[in-house]
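First up is the structure itself, then whatever we jot down about it.
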Amino acid sequence: GPLYPKVWIWFLPGLFALAVAILGVGLLTAPPHPEDWFVLTLVLLEIALFAYLLGWLVERLIELARRQTYRIAPVRIYLVIAAIVAPIVLIVAIARLANVGS
C-alpha cells in the first residue's frame, strides 16, 4: 500500500506535539504580560481547534491506509484549511489592534 498516509499519521501529530511543547516552554520561561492574555487565550483556542482538525485529518488518513476510503474530497480539505487560517487572520488583526507585543 502507499506509504504516505502511514508516515503522515505519525508525523503530523508529532510535529504538533513538538510545537505545543515549544510554546509551553516559551510561556514558562517568559510569561506574557497581563494585557496580552486575551490574545494568548485566542491563540490557545486556535491551537485547540487545530488539534481537533488534525485529529479529523489523521482519522481520514487512517481510513486511507486501511483502504476504507479511496480519497478525501478536496472541498473538505479546503474547508479544514479555511477553518484554520480564518481564525489566525482574525487573531492577528485583533493583536494588531490591541498593540500586543509593543
Side-chain angles (χ1 to χ4, degrees):
L3 178 63
Y4 67 90
K6 293 176 185 173
V7 169
W8 291 114
I9 288 169
W10 292 103
F11 178 73
L12 292 175
L15 186 64
F16 179 74
L18 178 65
V20 170
I22 291 171
L23 177 66
V25 169
L27 289 173
L28 286 174
T29 58
H33 298 289
E35 61 269 9
D36 298 339
W37 287 353
F38 176 71
V39 174
L40 179 62
T41 301
L42 294 177
V43 169
L44 294 175
L45 287 173
E46 175 65 18
I47 290 171
L49 172 67
F50 185 79
Y52 174 79
L53 295 174
L54 181 63
W56 174 86
L57 180 61
V58 167
E59 189 176 345
R60 300 292 80 77
L61 291 174
I62 290 170
E63 289 176 358
L64 284 171
R66 290 180 177 171
R67 298 191 184 274
Q68 293 172 333
T69 188
Y70 294 102
R71 71 182 197 103
I72 302 171
V75 173
R76 287 189 178 178
I77 297 296
Y78 298 143
L79 288 173
V80 167
I81 292 170
I84 293 170
V85 172
I88 291 173
V89 170
L90 183 63
I91 291 168
V92 169
I94 291 171
R96 298 277 293 166
L97 290 171
N99 289 325
V100 171
S102 53

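No experiment lies behind these values; they were computed from the predicted model shown.
When all heavy atoms of Pro32 and Trp37 are compared, the pair lying nearest together is O-NE1, 3.4 Å. What you find for Pro87 and Ala82 is that their closest heavy atoms are CD-O, 4.0 Å. Residues Leu49 and Ala83 share a closest heavy-atom pair of CD2-O, 3.1 Å.
Placement of Leu44 and Val25 in two distinct hydrophobic clusters is found when ILVMFWY residues are connected by side-chain heavy-atom separations under 4.5 Å, directly or transitively. If you chain together hydrophobic residues whose side chains sit under 4.5 Å apart, Ile84 and Leu90 fall into the same group. Val85 and Leu53 fall within the same hydrophobic cluster, defined by Ile, Leu, Val, Met, Phe, Trp and Tyr side-chain heavy atoms under 4.5 Å apart, directly or through other members. Hydrophobic clustering (ILVMFWY, side-chain heavy atoms < 4.5 Å, transitive): Val39 and Val89 are in one cluster. Hydrophobic clustering, with ILVMFWY side chains joined whenever heavy atoms are under 4.5 angstrom apart, keeps Leu45 apart from Ile94.
Going from atom CG of Leu28 over to atom CG of Leu23 covers 9.5 Å, rounded to the nearest 0.5 Å. Taking CG of Leu42 as the start and CD1 of Ile88 as the end, the distance is 12.0 Å to the nearest 0.5 Å. Considering CG of Asp36 and OG1 of Thr41, their distance stands at 10.5 Å, rounded to 0.5 Å.
Sorted by first and then second residue, the salt bridge (Lys or Arg N to Asp or Glu O under 4.0 Å) pairs with a member in residues 49-60 read Arg60-Glu63; sequence neighbours excluded.
Applying the side-chain contact (heavy atoms from CB on, under 4.5 Å) test to Val58 and every residue at least two apart in sequence or in another chain returns Ile9, Pro13, Leu54, Ile62. Take Ile77 and apply the side-chain contact (heavy atoms from CB on, under 4.5 Å) test, not counting sequence neighbours, and it matches Trp56, Leu57, Ile72, Ile81.
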